[in-house]
K.L.:
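So that we are looking at the same thing, I have put the structure below in structure tokens.
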Amino acid sequence: MTTLVHATDTLTRDALTVLQPGFVGTTAPDWLLRRIGEGLSSVGLFGRNIVSPEQLAALTAQLRAERDDVLVAIDEEGGDVTRLEVKQGSSFPGNYALGSVDDVELTRAVARELGRRLAACGVDLNWAPSADVNSNAENPVIGVRSFGPDPDLVARHTVAYVDGLQGVGVAACTKHFPGHGDTNVDSHDALPRIDVDLATLHARELVPFRAAVAAGTKAVMSAHILLSALDPHRPATLSPQILTGLLRQELGFEGLIVTDGMEMQAVAATYGIERGSVLAIAAGADAICVGGGLCDEDTVLQLRDALVNAVRTGELPEERLADAAARVRALASWTQAHRARGAGSVPGAAVQEGTAPGAEIGLVAARRALKVTRGERPYTPMTSAPYVASFTPVANFAVGDETPWGIAAELERLLPGTETGSYADSSVDAVLTAAGERRVVAVVRDLHRHPWMTEAVDALIAARPDTVVVEMGLNEAEPRGALHIATHGAARVCGRAAAEAVVGTGA
């Protein structure tokens, strides 16, 4: 049994320090402020916590009134996964679009502007970028969140993204270690398993993470995936071989190791969040991310007490918990120093496109990422309001269903009177009826993964050969339609760039 050498209050503070919980509301609840006073060092923000840049800046100021060095984290990848602009859609294309352009200076500029907006609102830890190599086109959770299927491309853009964020004082958290790209299961729902040999892992999955560590990423997020070649028994988040042996010792990472959300079923369904959190810290993790689903005080207290009790029973060495807490405090000191130097800008400009230096970089990147393929017949740009048929798959948990996507709103801006409908089956009779004499724009997401969607689009083109097809997911299916536009992501700016192409003012 481990002998406790510090006072109980120190142990409790360390247990609180390693937690990164969420909460409900757009102001900090009393319980959260009280726990920050007791030692809680990090808070995670989600879309439910954000209404405007000014509100977000006030919220982070409220948190720091309790303690100036609190880490404020967010899951802001840009592209399909946005919390800063959860109700509007992102001003920045995501990784897949940036990877398709393959200009590292553009990626660095996008990450820098995104980081500047976060810093302006008081956010200093971003759970991004995704360094996953999307080697499996059937992957239901990574997809456009990855820079692409090539390890070297993913590596160089991961480095550029880390540089861009950290250059303005926002700590990058490179994820999902050791690589979530070759999965066909979403770890929010179940435990994905990757059964490839070590040589493949080192040549593919680990290449971007080695590069990110070498580039100085301040944090790395673990994945809830089972890699049998590294640990046949426990997912990476709970594996000493992966977190300590591979990431710490072999790759030489000295920064903060953050877990993916502990309430995700890949861990919670088998271990429960309390035991899972103890095993994660014991394995080498330093911070427990929780709050996407479980976001109340009871969750914080349960995890705190589970860690304290594990130390008392000897299951978790006190020194390991103390080391984890020290790494959290070290990152908090780094971000605090950057805030003191005035990183960031005016909060009111944070999500207002065109009002701050570099604000147009997202649209520039989205336009460059477009791939336009014309059909056999000459394409005549649209000059009158079309009908937009959105074929909508079920959104994965990371993306969520709050954020609007598509091109209807942007087409309405260019062609007033544009109408739209959403469809989730292969029948096109309703589309044709709703469209009437209007030209049709079919908007899809990952057409290659949804046979019903392919059937619907092909039937629509057969009935209306002048149909325009806009692919806003992975561009894996063969181009079809009078005009095929691949946006490489569903951010708002991607929709704007596509709408410009439809009316002939863009590509």
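Computed from heavy atoms alone, side chains included, the values below leave out hydrogens, waters and symmetry copies.
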K.L.:
Mind checking what makes salt bridge (Lys or Arg N to Asp or Glu O under 4.0 Å) contact with E419, not counting sequence neighbours?
P.N.:
R438
K.L.:
List the steps and the verdict of salt bridge (Lys or Arg N to Asp or Glu O under 4.0 Å) for R112 and E105.
P.N.:
CA-CA 10 Å; R112 184 177 181 85; E105 292 306 320; over 6 Å; no
K.L.:
For R374 and L483, which heavy atoms make the closest approach, and how far apart are they?
P.N.:
CG-CD1, 3.5 Å
K.L.:
So, for L98 and H157, which heavy atoms are closest and what is the spacing to 0.1 Å?
P.N.:
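Heavy atoms of L98 and H157 come nearest at O-CE1, 3.9 Å.
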K.L.:
My understanding is that only residues two or more places apart in sequence, or in another chain, count here; which of them pass salt bridge (Lys or Arg N to Asp or Glu O under 4.0 Å) with R480?
P.N.:
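So R480 forms a salt bridge (Lys or Arg N to Asp or Glu O under 4.0 Å) with D458.
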K.L.:
If you look at every heavy atom in W127 and L45, which pair is closest and at what distance?
P.N.:
CZ3-O, 4.5 Å
K.L.:
Ring-plane angle category for F177 and F209, please: parallel below 30°, perpendicular beyond 60°, tilted otherwise.
P.N.:
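Because their plane-to-plane angle is over 60°, the rings of F177 and F209 count as perpendicular.
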K.L.:
Can you give me the closest heavy-atom contact between E76 and S90, atom names plus distance?
P.N.:
OE2-OG, 4.5 Å
K.L.:
Testing the basics here: between V258 and C289, what is the closest heavy-atom pair and its distance to 0.1 Å?
P.N.:
CG1-CB, 4.2 Å
K.L.:
Measuring only between side-chain heavy atoms, which start at C-beta, is V81 closer than 4.5 Å to D75?
P.N.:
yes
K.L.:
Taking all atoms of both residues into account, what is the closest heavy-atom pair of C295 and R48, and its distance?
P.N.:
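Smallest interatomic distance, heavy atoms only, reads CB-NH2, 3.2 Å.
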K.L.:
Testing D163, T174, T158 one by one against T217 for a side chain to side chain donor-acceptor pair (under 3.5 Å), which residue passes?
P.N.:
T174
K.L.:
Quick one: side chain to side chain contact (heavy atoms under 4.5 Å, CB included) partners of A409, sequence neighbours excluded?
P.N.:
none
K.L.:
Please determine, by modelled atom types, if T392 and R445 share a side-chain donor-acceptor pair under 3.5 angstrom.
P.N.:
no
K.L.:
Under 3.5 Å, is there a donor-acceptor pair between the side chain of N49 and the main chain of F23?
P.N.:
yes
K.L.:
When you check the gap from the basic side-chain N to the acidic O, do R367 and E500 get nearer than 4.0 Å?
P.N.:
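Looking at R367 and E500, the cut-off is met.
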K.L.:
Using a strict threshold of under 4.0 Å (side-chain N to carboxylate O), is an ion pair present between R156 and D102?
P.N.:
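Salt bridge flag = yes for R156 with D102.
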